[in-house]
Amino acid sequence: MTRISLTVDGQQVTDDVEPRTLLVQYLREQLGKTGTVIGCDTSNCGACTVHLDGTSVKSCNVLAVQADGSEVTTVEGLAGEDGTLHPVQEAFRECHGLQCGFCTPGMIMQTVDLLAENPDPSEEAIRLGLEGNLCRCTGYHNIVRAVQHAAGAGSDTERSGQDTGVTA
Amino acid sequence: MTAVQEPAAGAEIGRDRRRKEDQRLITGRTRWTDNLTLPGMLHLAMVRSPFPHARITNIDTAAAKASPNVVAVLTGADLGEAQGACINAWPVVTDQVTPTHLPMPTDRVAFAGETVAVVVARSAAAARDASELVEVDYEELPAALDLKEAAAAHESGGTLAHPDLGTNVSAVWRFDSAEAGTGGDVEEAIAQARANGILIEREYRQQRLIPAFMEPRSVVVDPTGEQITMWSATQVPHILRFALAATTGVPESKIRVIAPDVGGGFGGKLQQTPEEMITFAVARRLGKPVKFTETRSESLLTGHHGRDQWQRLTLAATKDGTVTGLKVDLLADLGAYVAIVGGGVPVLGAFMFNAIYKFPAYQFQTTNVLTNKTWTDAYRGAGRPEATYGIERLMDELAAEVGVDPLEIREKNWIKHEEFPFTTVAGLEYDSGNYEAATARAKEMLGYDELRAEQAERRARGDRVQLGIGVSTFTEMCGLAPSRVLGSLNYGAGGWEHAEVRMLATGKVEVVTGASAHGQGHETAFSQIVADRLGVAFEDVEVLHGDTQISHKGLDTYGSRSLVVGGEALVRAVDKVIEKARVVAAHLLEASADDLEFGDGAFTVRGTDASLPITEIATAVFAAHNLPDGVEPSLDSEATYDPVNFNFPHGTHLCAAEVDTETGQVALRKYVCCDDIGVVINPLIVAGQVHGGLVQGIAQALWEEAVYDDFGTLVSGSFTDYLLPTAADTISFEIDHTTTPSTTNSLGAKGVGEAGTIASTPAVVNAVVDAVRHLGVNDVQMPCTPERVWRAINSRSSGGSTTEAAAPHFDSAEGEAL
Amino acid sequence: MIPASFEYVAPTSVADALAALAEHGDDAKILAGGQSLLPVLRMRLNAPEWVIDLGRIDGLRGIRDAGDHLAIGAMTTHHDVGRDPLVHEHALLISKAITHLADAQVRHRGTFGGALAHADPAGDLGAPACALQASFVLQGPGGTRTVPAAEFFVDLFETAISDDEILTEIQVPKHDGWGASYEKFVRVAHQWPIVAVAATVRMEGDTIAEARVGLTNMGSTPVRAEEAEEALAGCPATEEGVAEAAALAAEGTDPPSDLNGDADYRRHLAGVLTRRAVLAAAGRNGTTAPV
């Protein structure tokens, strides 16, 4: 067992963990942060995306011991203390950017990171910025709308994808 | 043509309500099965066969049992009859060959990934550690892997998936329009076309797919109450409870099944799985709560797969392109066992190969074949995408043969809007539709004529990047299903749905539905229906589902049935509430019930100002101080609705794709569709269903394929090799609707859950072929990988099969720093 | 999804890391970001007894201008390398390749040295490293040695790093003014390249004076397309001008056959992508055909 101390969603926590414990397992099983989920075992799906010291990571691809001394934000720590939704959360609801909701925590966390790096992304930049997150329900159309909405460019929800010519 | 309906002022139906479900999901306040933890809960790990076909000669569990924190290690023999069996609900023919499917076989495994032992431990990690210590001795047996070879094995002396059965053919199911009296003789039509017409003969491959819902399956069983409670990531809690009871001997009344938040299904969670059965058996045996959550690799390997057919198709037509007959001969791979719908999946396609067309003669035959691969079952569309693909590809081929535009050949053959209701050559009665209107709108949306001009220009110029336009004018049958029809097809259950409406004393309304949502937005759409019909606020309606103790009766969610069957049941339950309230209202308003009108949530006495809201009646009924004699103090009502017919959404999908002739790479340029799904309850939810469906269908056309090697190993067994598209691989879509209300339900609605998937696959492949047809290509096998397209261009073939090997990116061996 | 048990140590200096390696060498794996190692451990394709995490050694992070070359600390993340102005100025090819590497989350955690030392021939950094003739600084108990790219990649997942050594720095000769392009060919965005071509060229007017071309996933190691490079020197930067030379790209390669393409298709792709990459690097719009 190794002792780790970190801050998760603003809360200071200290625990003994096995070195093999993945950050996502620590969050879910020891801290009860079940909002963050596990969707694959090859790091392709991105459902477990959280922020580690301010940038997005796949929490299945980080050991809990590696997060010692760090600050972690999950989807559960995104809304304000008074329950006010983060603009990205609000945008996903507004634009119907989720259906079953399983990929949603990861999509939202990656979107927050994406917009922090590039506050006014093109549709292509949004699509590339989410390449590490899989969704099986939405066909991504409304996820892209949600990101545009959150970026303040979402009023034109009818904007079509013609001539994007994305490689298939 | 009817324009898209606008919601009436103040009406909920037709309004793009934001979903009630979302607040929890976007804040992480979720209840996925794997989130559950119960006191004393134990964890399971499965020991799975690496071989596709082998005799189990010995299982040594001693070392695993001695591993730290292990509570038990159990085999099929240990569990005995308590493990129950996995059932097939639809023996498609009375003499169907159906191998026994034990959750953990005791003597022989029939596919790689089958569970042979289960480790029970105090933590998931301890269970996983010990699972490596279970020593299983196998005697490998030859495996039936190739579908065509397996189909002929009983004649050729080839390998049998289950040697004791003597054949791999589970069933041969046939429909012939001449025999059924619904049409002419197809052989005659073919002979005539051969002599003096056009005969299109093709063989198409429907590759094996994996549903790949985002939430891996998970099951928790708590045996400590009077009822044994199972939480499962399932689409079918009611069917699952029935199957558990029917095969384990535990009374149905002693089992409660809960489907909490369920992360997608697409048919993949329409199953009674070995893992659910094993978890149930272990919990009962140990008397402790038990959890099993699969890894993604386990999910891809052992959750049922979909599609996997060879289609031999013969289309007969006159020289002008009028179709005179269609003959369909399928080989369908069932995998190692006949799953719950199983051989019924290809049979569902039998009614759809004739699609929107007026074919005079039709014959369909499917040969359902057992192999030593993962079992197959329903995947979004289930039988109908396969059929739609076959016919829509053929119609393009016919157009090419005649030398006319693919839309022209369709128009020549389709049912005209004034011809509805129309009884098809497959014996179904299509209630409504307008193919002309949807097609006209789709052409306009795409800019069809402009793109055809650009295509011609690029061809003339010999551009490296060629443009193709793919057409798919689909219909489907959904709203499964009239029980009488299911009975005639030998299905083991009915197709009704149940709903209940409870009027609470405080004026709130609880709605219970037997449908079981896993992303569809039932809570929102059903609230809209109830709010409108009952005249209460959208926010005041609470929709309850997915727990057999709350929703005691239901047939769950699949086959685009929730709205058209479950919604109709709900409408009828609401109407019963209103009728019960009418009696009380008359009493309280001191009027005759015949003089009361109900609207906007209140009864009014005709010709007066006297009015009483239904919510106040609910309160009065709760108090029960002043009810008419003999009237029970309850407005609550139930309804069970059995549909009288399927409904038939349709639409025209147009795809423009660019093919890089140098590399074979396909790029989507534009995709438009105009679907007629009847009356829309919530356009936002409908759009989401269409978008998601489109991408799943496009993914079949371009990316996804479950590939086995010669050893029976699934080589596309992780998300590294089973290629789901990302946002970066897809485009935005333009969707629209025409509306001809369904006449088979009072909402006028048609199913939408599967439409996008059914329609889009042939649209994309037709676009790819269209782009390179002038280079001598008339088919590209799915998925249309760049390599296949490149080979098709260079060898005028359909591109050949996929090499059955995956690159080892996660290598175990060398490489020091990672 | 649950790795086998291991012991974990996170040294804070290279000396401590070497000591830990000396002690546990045969039973240890080095964790240098973990974006490839952790999947391996989760799927139990490997089960080391020790994991030595280099993530706490501050001295292994950062990018320095070292005169004629850039010195990239092995533990610098892809994200940091990708947005570094020095890299953009002196080794544009690396900046270009990193935008295609994995996804944003992986680029935040994965490290430049870690990916190179993993030596997956389908990794996106090997070909640029070969094309730019990078050198690899290996530190061991006996001191430091520098290995050129051509000798660093030995085989599939195998490098010149000895069991008792650690890759500490990658030295990239400056290619000031060289154009660059990384043409990655995939079926879906999140997969490894089926084939990719890293090209960097020095132009003299409209003529390619010098070209360096690295190939991804065309054999058991990243390789340089030397015949193509030689043939490209002196070519006019036009479709016709480079086509013949680019067609030589696959000469001498032994690409794999798998789900995503057979060897002959990969050879064909190598030629096409080389032509496109070279033209793009030369500032000609050769990446895609005109629409």
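Quick note on labels: first sequence line is chain A, next is B, and so on, each numbered from 1.
Neither the backbone nor the side chain of A:Ile143 comes within less than 4.5 Å of any heavy atom of chain B. Contacts between B:Ala656 and chain A at a heavy-atom distance below 4.5 Å are absent for every atom of the residue. Contact annotation for B:Val262: only backbone heavy atoms (N, CA, C, O) come within less than 4.5 Å of a heavy atom of chain A. For B:Leu694, no part lies under 4.5 angstrom from a heavy atom of chain A. Neither the backbone nor the side chain of B:Asp261 has a heavy atom closer than 4.5 Å to any heavy atom of chain A.
The two atoms that bring A:Leu128 and B:Ala728 nearest to each other are CD2-CB, 4.0 Å, heavy atoms only.
With hydrogens and angles disregarded, no donor-acceptor distance shorter than 3.5 Å links the side chain of B:His691 to the backbone of A:Gly139. Remark: side-chain polar atoms of A:Glu131 are not paired, donor with acceptor, to backbone N or O of B:Ala727 under 3.5 angstrom. Proximity of a side-chain donor or acceptor of A:Tyr140 to a complementary backbone N or O of B:Pro725 within less than 3.5 Å is detected.
We find the CD1-CD distance between B:Ile731 and A:Glu124 to be 13.0 Å, quoted to the nearest 0.5 Å.
With a 4.5 Å cut-off on side-chain heavy atoms, A:Gln99 and B:Gln689 count as touching. Between B:Ser732 and A:Arg145 the shortest side-chain heavy-atom distance falls below 4.5 Å.
Contacts with chain B were tallied for A:Gly97, A:Cys103, A:Cys135, A:Cys100; A:Cys100 has the most, counting heavy-atom pairs under 4.5 Å. Between chain A and the options B:Ile685, B:Val672, B:Thr37, heavy-atom pairs under 4.5 Å are most frequent for B:Ile685. Interface check for chain A: of the options B:Ile698, B:Thr295, B:Thr720, B:Val764, the most heavy-atom pairs under 4.5 Å are formed by B:Thr720. Annotation: maximal heavy-atom pairing with chain A below 4.5 Å, among B:Ala699, B:Ser718, B:Ser297, occurs at B:Ser297. Among A:Leu98, A:Ile126, A:Thr74, the residue with the largest count of heavy-atom pairs under 4.5 Å with chain B is A:Leu98. Chosen from B:Val695, B:Thr27, B:Thr30, B:Leu300, the residue pairing most often with chain A at heavy-atom distances under 4.5 Å is B:Thr27.
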Are A:Thr104 and B:Ile26 close enough, and set up right, to give a side-chain contact (heavy atoms from CB on, under 4.5 Å), and what steps lead you there?
CA-CA 7 Å; A:Thr104 309; B:Ile26 57 180; 4.1 Å; yes
Using the side-chain contact (heavy atoms from CB on, under 4.5 Å) rule, take A:His141 and B:Phe733 through it: C-alpha gap first, then chi angles, then the decisive distance, then the call.
CA-CA 7 Å; A:His141 181 107; B:Phe733 304 105; 3.9 Å; yes
Candidate pair A:Glu94 and B:Arg17, rule salt bridge (charged side-chain N to carboxylate O under 4.0 Å, His left out), full reasoning:
CA-CA 9 Å; A:Glu94 179 61 25; B:Arg17 275 282 187 188; over 6 Å; no
Check the pair B:Arg18 / A:His96 against side-chain contact (heavy atoms from CB on, under 4.5 Å), numbers first and verdict last.
CA-CA 7 Å; B:Arg18 301 308 184 261; A:His96 189 28; over 6 Å; no
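Note on ring orientation: taking the six-membered ring where Trp is involved, the planes of A:Phe102 and B:Trp32 are perpendicular (angle over 60°, cut-offs 30° and 60°).
For CZ of B:Arg24, the number of neighbouring non-hydrogen atoms (other residues, nucleotides, ligands) closer than 6.0 Å is greater than 12.
Between the side chains of B:Thr726 and A:Arg127, no donor-acceptor pair of N or O atoms lies under 3.5 Å.
For a heavy-atom cut-off of 4.5 Å, chain B lies close to A:Arg28, A:Thr34, A:Gly35, A:Val37, A:Ile38, A:Gly39, A:Cys40, A:Asp41, A:Thr42, A:Asn44, A:Cys45 in residues 28-52 of chain A. Residue-level contacts of residues 76-93 of chain A with chain B, in order of numbering, are A:Glu76, A:Leu85, A:Gln89, A:Phe92, A:Arg93; threshold 4.5 Å between heavy atoms.
Residues passing the ring-ring contact (aromatic ring centres under 6.0 Å, His included) test with B:Phe266, sequence neighbours excluded: none. Listed by chain and residue number, nothing satisfies the salt bridge (charged side-chain N to carboxylate O under 4.0 Å, His left out) test with B:Arg380 (two or more places apart in sequence, or in another chain).
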